[in-house]
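Remember, predicted model here, so these are calculated numbers, not experimental data.
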Amino acid sequence: MQFDDVILGRRSIRGYKPDPVPRALIEEIIGLAMRAPSSMNTQPWNFYVIAGEPLDRIRAGNTERNLAGVPHSREFRTGQPFANQHRDRQVGVAKQLFAAMDIARDDKAKRQDWVLRGFRQFDAPVCIIVTYDRVLDGSDDTPFDCGAVTTALVHAAWSRGLGAVINSQGIMQSPVVREHAGIADDQVIMKSVALGWPDETFPANAVVSERKSVAEATVFVGFEE
């Protein structure tokens, strides 16, 4: 694919075929992603790539704890709930997804199942947990760098025909993830990425989230009109 095709064509994939993803292909994708820039070349990121039975145990543990009402335990700071235009965008994409999946506002069962899909890593055959070195905890550059490598990861995956969605639901119950993925104590769990071959028949996969315009997002200073 050309670069523009990857950037403009990529979308978040929330429905996957059960087909396995070859380890060599994942290694290739991660290798490409790690060309992402980082502050002073610190490269704070690490990846735990999970499939098969360990991933099934994480799915089960996440689901059980959430249904039991166990409080979430993300290791990376969550910040304040979204408000104003940021909340509007969050609600907007949710409406797009619910419409695609035919989930009515008052259908509690379908809405709960949709939420639980996130905790199950959208039933993808692969989950990649992005961590960073604990010694860098508190650095503002580190999450910026991890965001860069994760963005590069999903674009590299798309260029190879794979789909992905960056999400936080899969790490909301961090003790479950840490146990079954064998995550080292010197790592902080930051994000998760569901990865696999897109199921083109899954309605939500056709959703393309809206973007604000360049004019809304950009201030030019020192340029002639």
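Using modelled atom types, no side-chain atom of Asp107 and backbone atom of Ile103 make a donor-acceptor pair closer than 3.5 Å. Between the side chain of Gln112 and the backbone N or O of Ala109 there is no donor-acceptor pair closer than 3.5 Å. At least one donor-acceptor pair closer than 3.5 Å links the side chain of His155 to the backbone N or O of Thr151. Distance alone, capped at 3.5 Å, is enough to place a donor-acceptor pair between the Tyr48 side chain and the Ala184 backbone. With hydrogens and angles ignored, the 3.5 Å screen pairs a side-chain donor or acceptor of Gln96 with a backbone N or O of Val208. Side-chain atoms of Arg117 do not come within 3.5 Å of backbone N or O of Asp123 as any donor-acceptor pair. With hydrogens and angles ignored, the 3.5 Å screen pairs a side-chain donor or acceptor of Trp197 with a backbone N or O of Pro20. At distances below 3.5 Å, not a single donor-acceptor pair connects side-chain atoms of Asn46 with backbone N or O atoms of Asp133. When atom types are taken as modelled, the side chain of Asp56 and the backbone of Arg59 share no donor-acceptor pair closer than 3.5 angstrom. Remark: side-chain polar atoms of Thr131 are not paired, donor with acceptor, to backbone N or O of Ile189 under 3.5 angstrom.
Nearest approach of Leu55 to Cys127, heavy atoms of both residues: CD1-CB, 3.6 Å. Val177 and Ile183 get closest at one heavy-atom pair: CG1-CD1, 3.9 Å. For the residue pair Leu97 and Ala204, the shortest heavy atom distance occurs at CD2-CB, 3.9 Å. The minimum heavy-atom distance between Asp145 and Ser39, with the atom names listed, is OD2-N, 3.0 Å. Of all heavy-atom pairs spanning Arg211 and Arg10, the tightest one is NH2-NH2, 4.0 Å. Gly9 and Trp158 make their closest contact through O-CZ2, 3.2 Å (heavy atoms, listed as atom of the first residue, atom of the second, distance).
Looking at Phe47 and Met34, their side chains come closer than 4.5 Å, going by heavy atoms from C-beta outward. Counting heavy atoms from C-beta outward, Tyr16 and Pro198 have side chains that stay 4.5 Å or more apart. Contact check for Ser73 versus Gln173: side-chain heavy atoms found under the 4.5 Å cut-off. Between Ile29 and Arg160 there is a side-chain heavy-atom pair separated by less than 4.5 Å. Proximity of Phe82 to Asp88: side-chain heavy atoms (C-beta onward) are nowhere separated by under 4.5 Å. When side chains are defined from C-beta on, Ile50 counts as touching Ile58, because their heavy atoms get closer than 4.5 Å. The side-chain heavy atoms of Arg77 and Pro143, taken from C-beta on, include a pair separated by under 4.5 Å. The shortest side-chain heavy-atom distance between Leu162 and Val21 falls under the 4.5 Å cut-off.
Under a hydrophobic-cluster definition in which Ile, Leu, Val, Met, Phe, Trp and Tyr are linked whenever side-chain heavy atoms come within less than 4.5 Å, directly or via other members, Val126 and Val154 are assigned to the same cluster. Hydrophobic clustering (side-chain heavy atoms under 4.5 Å, transitive across Ile, Leu, Val, Met, Phe, Trp, Tyr) keeps Leu136 apart from Val149. A chain of hydrophobic side-chain contacts below 4.5 Å, direct or via other Ile, Leu, Val, Met, Phe, Trp or Tyr residues, connects Trp45 to Leu153. The cluster map of Ile, Leu, Val, Met, Phe, Trp and Tyr, joined by side-chain heavy atoms under 4.5 Å apart, puts Val115 and Met172 in the same cluster.
The pair Asp102-Arg111 does not count as a salt bridge, with every side-chain nitrogen at least 4.0 angstrom from each carboxylate oxygen. Between Lys110 and Asp113 there is no salt bridge, since none of the side-chain N atoms of the basic residue sits less than 4.0 Å from a carboxylate O of the acidic one. A salt bridge is defined here as a Lys NZ or Arg NE, NH1 or NH2 lying under 4.0 Å from an Asp or Glu carboxylate O, and Arg178 with Glu75 meets this definition. Ionic pairing of Glu210 and Arg11 is not present here: no N-O contact between side-chain nitrogen and carboxylate oxygen is shorter than 4.0 angstrom.
Judged by distance alone, the side chains of Asp199 and Thr201 do bring a donor and an acceptor atom under 3.5 Å apart. Glu64 and Asn66 share no donor-acceptor pair across their side chains, judged by distance under 3.5 Å alone.
Note that CG of Leu116 and OG1 of Thr63 are 5.5 Å apart. Values are rounded to the nearest 0.5 Å. Rounded to the nearest 0.5 Å, atoms CD1 (Ile166) and CG (Leu195) are 11.5 Å apart. Rounded to the nearest 0.5 angstrom, Asn62 CG and Ile171 CD1 are separated by 10.0 Å. Taking CD from Gln169 and CZ from Phe122, the interatomic distance works out to 4.5 Å, rounded to the nearest 0.5 Å. Note that the CG atom of Leu32 and the OG atom of Ser159 stand 6.5 Å from one another [nearest 0.5 Å]. Between the NE2 atom of His180 and the CD1 atom of Ile129 there is a distance of 12.5 Å, given to the nearest 0.5 Å.
Taking a 6.0 Å sphere around CZ of Arg134, one finds it holds more than 12 heavy atoms contributed by other residues, nucleotides or ligands. At most 12 heavy atoms of other shown residues, nucleotides or ligands fall within 6.0 angstrom of atom CG in Asp185.
Between Phe119 and His72, the ring center distance clears the sub-6.0 Å criterion.
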From CA spacing to verdict: salt bridge (charged side-chain N to carboxylate O under 4.0 Å, His left out), Arg57, Glu179: CA-CA 10 Å; Arg57 291 198 296 267; Glu179 175 186 358; over 6 Å; no
Stepwise side-chain contact (heavy atoms from CB on, under 4.5 Å) test for Ser174 and Arg74: CA-CA 6 Å; Ser174 58; Arg74 271 182 61 177; over 6 Å; no
side-chain contact (heavy atoms from CB on, under 4.5 Å) evaluation trace for Lys191 with Tyr132: CA-CA 10 Å; Lys191 278 286 183 183; Tyr132 62 84; over 6 Å; no
Derivation of the side-chain contact (heavy atoms from CB on, under 4.5 Å) call for Cys146 and Phe76: CA-CA 12 Å; Cys146 287; Phe76 182 71; over 6 Å; no
Worked verdict on Ile30 versus Val49 for side-chain contact (heavy atoms from CB on, under 4.5 Å): CA-CA 10 Å; Ile30 291 175; Val49 184; 3.8 Å; yes
